[in-house]
Undergrad: 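The following block contains the structure, expressed as structure tokens.
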Amino acid sequence: MKSRVGSLFKLCIVFPVSRNRSPLPKSALPARLSFVHTTYSTVCLAQEESLVEDTFDQPKTSAEVLEKWGCNEADISQLFKRRPALRKADLNQLQYKLNILSELGITAPDLLKIINCRPRLLSLRIDRCFDERHEFFMTLFGSRELLVKAIVRNPSLLIYDFHNKVKPTIALYEGMGLNREELIPMLLSRPTLIPRTVFNDEKMEYIRKTGLSSKSRMYKYVVTLVGISRLETISERIANFEKFGFSEDEIFSLMGRSPLLFFLSVDKVQRNMTFVLGQMKLPATVILAHPFLLYMNLEAALKPRVCLAGKIEDMGLGEQIKGPKLLTALRMTEKRFVKAFINCHPKDVADELTEYYTKAKGVKRLAEASKKKSNEGFPY
């Protein structure tokens with residue numbers, strides 16, 4: 001028996017073992033013996049080599065983790081500049097969270113925008129209710145592209161309380177008549193929609209007074225703006241319009257047609273209204289038909305164009321800007337306005353008007369440079 005086993009070992013040496021075949025048929029081997037044609041030292045060597053290769057492949061720093069994920073050197077530099085703590089982040093946790101972002105479809109350029117907006121995001125628990133949250137948002141937005149766009153716009157969508165804040169808020173707007181197609185642009189344009197939405201009887205009364213139905217094109221704007229605004233802010237804006245002689249019916253009718261007017265600052269509305277009444281000599285009710293007068297930048301557009309209209313009249317030129325034509329001129333783009341009322345004249349006249357118009361645009365608000373900026377928090 002001993003000599004037979006020895007002869008078998010000799011055969012194994014003479015005939016090298018193939019990957020797919022045994023060197024001898026099974027019938028040639030004793031029933032009690034089974035051979036694996038590797039030795040203990042060979043297995044250990046293979047395991048050591050594999051372990052060494054894995055060790056060399058493993059990232060040693062946060063920069064290497066980010067680079068392996070898809071960030072280039074410039075991206076990594078920007079990320080560390082915005083969030084220095086990323087340099088010392090736990091590598092396993094960092095890799096885990098980057099894998100979550102990859103599953104959402106977020107890439108390196110998206111990550112730069114996200115960290116610029118929310119520097120601490122990769123230090124927070126973005127994996128809470130992840131599968132349920134992912135499925136809900138995919139159903140809501142309808143595509144991965146829109147979901148990524150929404151997350152880049154507001155990364156906190158990944159960390160809001162899913163069951164107590166996200167789902168109830170979306171259900172609330174749906175219950176008020178907003179469908180998915182209307183909710184998506186509101187979520188993209190107003191990132192604070194979910195955390196700031198609060199409705200009560202007084203807010204619902206404001207919406208009712210606008211006279212809008214849920215099928216109106218402006219309804220979604222009124223509902224979302226009222227929902228995220230403080231009652232004190234809305235009351236303050238309404239009182240500001242009442243100072244200029246508007247009735248309650250006129251105010252809420254204007255809100256229904258141009259809801260963003262009520263979320264301009266009190267100071268801006270007062271300054272533009274004062275210019276319209278005092279310099280342009282127009283009645284306050286002109287705002288009801290032409291609300292764009294309150295949106296315009298007073299120093300850069302409204303005042304220079306009105307002054308140019310007066311200059312043209314003083315020079316006795318043929319192309320006058322008066323009456324309804326003035327309102328049309330104020331709505332024009334800058335390029336079209338210059339072409340219609342400055343470049344239409346002979347070169348010497350056009351040069352004079354250009355110089356006058358440029359100087360008028362360069363006049364800054366009195367003491368603007370020394371004005372103290374106060375941070376009052378959320379503007380609504």
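Here, residue 1 is the first one in the sequence, and each next residue gets the next number.
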Undergrad: Excluding sequence neighbours, so at least two apart, what forms salt bridge (charged side-chain N to carboxylate O under 4.0 Å, His left out) with E355?
TA: K359
Undergrad: Check this for me: F137, atom CZ, are more than 12 non-hydrogen atoms of other residues, nucleotides or ligands nearer than 6.0 Å?
TA: yes
Undergrad: Is it the case that the side chain of K303 and the backbone of A360 share a donor-acceptor pair, with hydrogens and angles ignored and the cut-off at 3.5 Å?
TA: no
Undergrad: Going by heavy atoms in the side chains, are I170 and L187 under 4.5 Å from each other?
TA: yes
Undergrad: Kindly compute the distance separating CD1 (I238) from NZ (K243), expressed to the nearest 0.5 Å.
TA: 13.5 Å
Undergrad: Below 4.5 Å, heavy atoms only, C-beta onward: do F275 and M296 meet side chain to side chain?
TA: no
Undergrad: Taking the side chain from R180 and the backbone from F141, do they hold a donor-acceptor pair closer than 3.5 Å?
TA: yes
Undergrad: Is any side-chain heavy atom of S235 closer than 4.5 Å to a side-chain heavy atom of Y206?
TA: yes
Undergrad: Check whether any side-chain heavy atom of K335 lies under 4.5 Å from a side-chain heavy atom of K339, and answer yes or no.
TA: no
Undergrad: Between E103 and R144 (salt bridge meaning N to carboxylate O under 4.0 Å), is one present in this structure?
TA: no
Undergrad: Evaluate the criterion side-chain contact (heavy atoms from CB on, under 4.5 Å) for residue pair I114 and L122; output intermediate values, then yes/no.
TA: CA-CA 10 Å; I114 288 172; L122 290 176; over 6 Å; no
Undergrad: Taking the side chain as C-beta and beyond, is there a heavy-atom pair between V349 and I342 under 4.5 Å?
TA: no
Undergrad: Determine yes or no for a side-chain-to-main-chain donor-acceptor pair under 3.5 angstrom, with R257 supplying the side chain and L288 the backbone.
TA: yes
Undergrad: Between R230 and E236, does at least one N-O distance fall below 4.0 Å, as a salt bridge requires?
TA: no
Undergrad: Would R237 and E242 count as a salt bridge (Lys or Arg N to Asp or Glu O under 4.0 Å) if you check the C-alpha gap in whole Å, the side-chain angles of each, and the deciding distance to 0.1 Å?
TA: CA-CA 9 Å; R237 303 294 196 266; E242 287 176 342; over 6 Å; no
Undergrad: Rounded to the nearest 0.5 Å, how far does OG of S213 lie from CE of M218?
TA: 12.5 Å
Undergrad: Any side-chain heavy-atom pair from I106 and I100 closer than 4.5 angstrom?
TA: no
Undergrad: Is it true that K209 and E248 have a side-chain N and a carboxylate O under 4.0 angstrom from each other?
TA: yes
Undergrad: To the nearest 0.5 angstrom, please state how far the CG atom of N154 sits from the CG atom of L188.
TA: 10.0 Å
Undergrad: Any carboxylate oxygen within less than 4.0 angstrom of a Lys/Arg side-chain nitrogen, looking at R125 and D127?
TA: yes
Undergrad: Against the six-membered ring of Y356, is K311 placed for a cation-pi contact (under 6.0 Å from the centre, within 45° of the normal)?
TA: yes
Undergrad: Would you check if L183 and E174 make a side-chain contact, meaning some heavy-atom pair closer than 4.5 Å?
TA: yes
